[in-house]
Amino acid sequence: GVNGSRSVLDALVDAGGESRLERWFLGLCRRHGLPRPILQKTYRDDGKVLARIDAEFPGGLIVEVAGHGTHSSRRQRQRDAERATELMLMGKRLLTFTYDDVRDRPDWVADRIARAMRLASDDRMIAPSILASSERRCGEKSASSRKPPEQIERTSGPSPTTTSAP
C-alpha cells in the first residue's frame, strides 16, 4: 500500500550511512528539512589520513555521530580528539552527537545543526577581512597561499573522488 511504499522510499533516501546510527541521523536530517550531508569523507595531507568524518554539511560543518560501541574506549576517544583537532586546524566546525541525542532528542540535534550552519554562513561574510588583518599583524602566510590538504569524498560506491579542501 501507500504507507509501505513510503517506508521503502524513506529507507532508500536514508541509505548510505555505515551504521544504524548514521542511517537514523540521515532520517533525522530528512525529516527536519536539513540538506543531505556528504558522507564518509576522508581528509589527507601528503597521503596521511588526517580525518575520516561521518557527515559534512555546506559551510564546512562536520557532524560526527558517536555510538557507544565505536567511541567508548580510551584509544577511540584519543582518535576522536586528534581528528577534532585536525579538522579545527583545517577551519572546519565540528559537532558531535551521541546515540542518545540522535535517538531521543532529534529536534535538539536538528536545531543545533541549523544554528551552526547559520553561524558558518555569517562567519564567511566577515572572516576574510578578519583573517587578512590578523595575518598582516602576525606576518603569517594567508590561508589561500597554504597548500590545502587533499580530500577524498565518498558518498557511496566503490570509486572515491579526490578534491582539495576549502
How far apart are the closest heavy atoms of [X] and [Y], and which atoms are they?
X	Y	result
Met88	Lys92	SD-O, 3.4 Å
Phe57	Cys29	CZ-SG, 3.7 Å
Arg52	Glu64	O-OE2, 4.1 Å
Leu21	Ala66	CD2-C, 3.9 Å

Pairwise distance [atom1]([X]) to [atom2]([Y]) - rounded to 0.5 angstrom:
X	Y	atom1	atom2	result
Arg44	Asp46	CZ	CG	12.0 Å
Leu61	Leu87	CG	CG	11.0 Å
Asp107	Leu28	CG	CG	8.0 Å
Leu39	Leu26	CG	CG	5.0 Å
Glu86	Tyr43	CD	OH	12.5 Å
Arg74	Arg77	CZ	CZ	8.0 Å

With no hydrogens and no angle check, do the side chains of Asp111 and His32 hold a donor and an acceptor under 3.5 Å apart? no
Does the Arg103 side chain pair with the main chain of Tyr99, one donor and one acceptor, at a distance under 3.5 Å? no
Taking only residues two or more places apart in sequence, or in another chain, which ones meet Asp104 in a side chain to side chain donor-acceptor pair (under 3.5 Å)? none
Any ion pair linking Arg83 and Asp80 (charged N to carboxylate O, less than 4.0 Å)? yes
Please identify which of these residues, Leu34, Asp101, Val65, meets the side chain to side chain contact (heavy atoms under 4.5 Å, CB included) condition with Val109. Asp101
Run Phe97 and Ile113 through side-chain contact (heavy atoms from CB on, under 4.5 Å) and show every step you take. CA-CA 10 Å; Phe97 299 107; Ile113 292 169; 3.8 Å; yes
Any link between Trp108 and Trp24 through a network of hydrophobic side chains (Ile, Leu, Val, Met, Phe, Trp, Tyr) touching at under 4.5 Å? yes
